[in-house]
Protein chains: 2
Amino acid sequence: MKRRNTATKEAVLSVLNTSGKAMSQVAIEKKIDVDINRATIYRVLNRYCEDGVLHRIVADDGRQYFALCMKCDEDQKPLHHFHFRCKKCETIECLPIPVHFSLSNDYQVEEVNCVLTGICKDCTKGIGEE
Amino acid sequence: MKRRNTATKEAVLSVLNTSGKAMSQVAIEKKIDVDINRATIYRVLNRYCEDGVLHRIVADDGRQYFALCMKCDEDQKPLHHFHFRCKKCETIECLPIPVHFSLSNDYQVEEVNCVLTGICKDCTKGIGEE
DNA sequence: GTATTATTGCGACATTGTCGCAATAAAATA
DNA sequence: TATTTTATTGCGACAATGTCGCAATAATAC
């Protein structure tokens with residue numbers, strides 16, 4: 001299925017790009033200046049995930065977050081990495097820490113989802129916006 | 001607040017004990033012979049988590065799972081470990097694989113939630129019940 | 001046996017994520 | 001440029017998850 005360029009898609013990507021962090025649908029909707037339907041945002045995000053533009057993180061708050069992940073582009077292959085969810089500024093950032101584990105090969109690992117939760121660097125230092 | 005012994009609480013713990021895996025509220029409710037209210041199960045589970053009897057895992061399906069985690073008792077301190085969610089038999093098991101990461105100490109890590117998803121050992125071998 | 005209060009069932013609620021349908025608009029075609 | 005094709009969108013609805021307040025129940029202490 002071919003993809004079309006729309007203002008909506010670009011707006012979503014732009015928000016994620018400038019934030020540099022993983023964002024939930026709600027956070028994206030808040031940051032976007034235009035008014036985009038909730039379901040549409042989810043569809044745009046899901047399509048970007050299919051196309052490998054974004055990756056999805058499910059945090060321990062049970063919500064989905066979506067990130068562009070700059071780090072992925074530096075390496076050839078996007079390695080699984082840890083994420084950090086800050087309870088204070090309510091953002092999720094991709095940590096440049098790869099996830100390592102060794103599992104007997106009768107397990108078929110398809111997805112890796114690792115999230116650390118707490119207070120992030122900026123908020124610890126008091127830089128984080130409330 | 002003191003805790004009281006009730007049939008409900010014991011039934012929930014018993015189900016988790018015999019299963020040996022992490023279970024969701026729905027899975028627990030299905031396995032339990034008696035009829036227990038949904039909200040009550042959640043409250044029982046949350047109380048057990050507060051008391052350190054259970055630990056909570058949020059999987060990448062966005063749902064909470066609760067486990068007794070035998071491995072935790074062998075060591076003095078319950079180390080953070082990986083979990084494996086099987087898409088086929090829809091169970092989550094605690095893997096005896098500790099989670100390692102080093103993060104600069106201006107991050108305050110409060111929770112660790114690591115879940116691998118795919119097809120588990122038993123289901124790969126065809127042992128897993130459908 | 002009685003009093004205290006932790007626990008439970010019930011109903012209600014907010015939130016999240018998805019889906020079907022009709023309307024819209026981007027891209028391809030003539 | 002005008003027309004066709006069909007990807008995208010908005011809207012409404014839905015199921016599922018997890019929580020909470022309230023009144024009723026029952027475990028423990030007295």
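Numbered from 1 within each chain, the chains take letters A, B, ... in sequence-line order.
Across the protein-nucleic acid pair, B:R4 atom CZ and C:dA6 atom P stand 6 Å apart, rounded to whole Å. Atom CD1 of B:I28 and atom P of D:dG18 are 11 Å apart (whole Å). The CZ-C1' distance, from B:R3 to C:dT7, rounds to 10 Å in whole Å. The CG-P distance, from A:N5 to D:dT9, rounds to 11 Å in whole Å. Whole-Å rounding puts the B:D61 CG to D:dA15 P distance at 19 Å. Atom CG of B:L45 is separated from atom P of D:dT17 by 14 Å (rounded to the nearest Å). C:dT7 atom C1' lies 12 Å from atom CD1 of B:I36, rounded to whole Å. Taking atom CD1 on B:I41 and atom C1' on C:dC10, their separation rounds to 14 Å, with Å as the unit.
Dashed line: the shortest gap from a side-chain N or O of A:K9 to OP1 or OP2 of D:dT8 is under 4.0 Å. One finds no side-chain N or O of A:T6 lying less than 4.0 angstrom from the OP1 or OP2 phosphate oxygen of D:dT8. Distances shorter than 4.0 Å separate some side-chain N or O of A:R47 from OP1 or OP2 on D:dT9. The phosphate of C:dG17 has neither OP1 nor OP2 within less than 4.0 Å of any side-chain N or O from A:R63. Put simply, B:Y42 has no side-chain N or O that comes within less than 4.0 Å of OP1 or OP2 on D:dT19.
Between B:L103 atom CG and A:C120 atom SG the span is 10.5 Å, to the nearest 0.5 Å. We find the CZ-OG1 distance between B:R43 and B:T40 to be 5.0 Å, quoted to the nearest 0.5 Å.
Within 3.5 Å, a donor on the side chain of A:R38 pairs with an acceptor on the base of C:dG17, or the reverse.
Across all strands, A:T8 comes closer than 4.0 Å only to sugar-phosphate atoms, never to a base (heavy-atom distances). Using a 4.0 Å heavy-atom distance criterion, B:Q25 is classed as making no nucleic acid contact. A:R43 comes within contact range of at least one nucleobase, with a heavy-atom separation under 4.0 Å.
Linking Ile, Leu, Val, Met, Phe, Trp and Tyr whenever their side-chain heavy atoms come within less than 4.5 Å puts B:F101 and B:L116 in one cluster.
By the 4.5 Å heavy-atom criterion applied to side chains, B:F66 and B:Q64 are counted as neighbours.
Looking only at atom types and distance, the side chain of B:T124 has no donor-acceptor partner in the side chain of A:D106 under 3.5 Å away.
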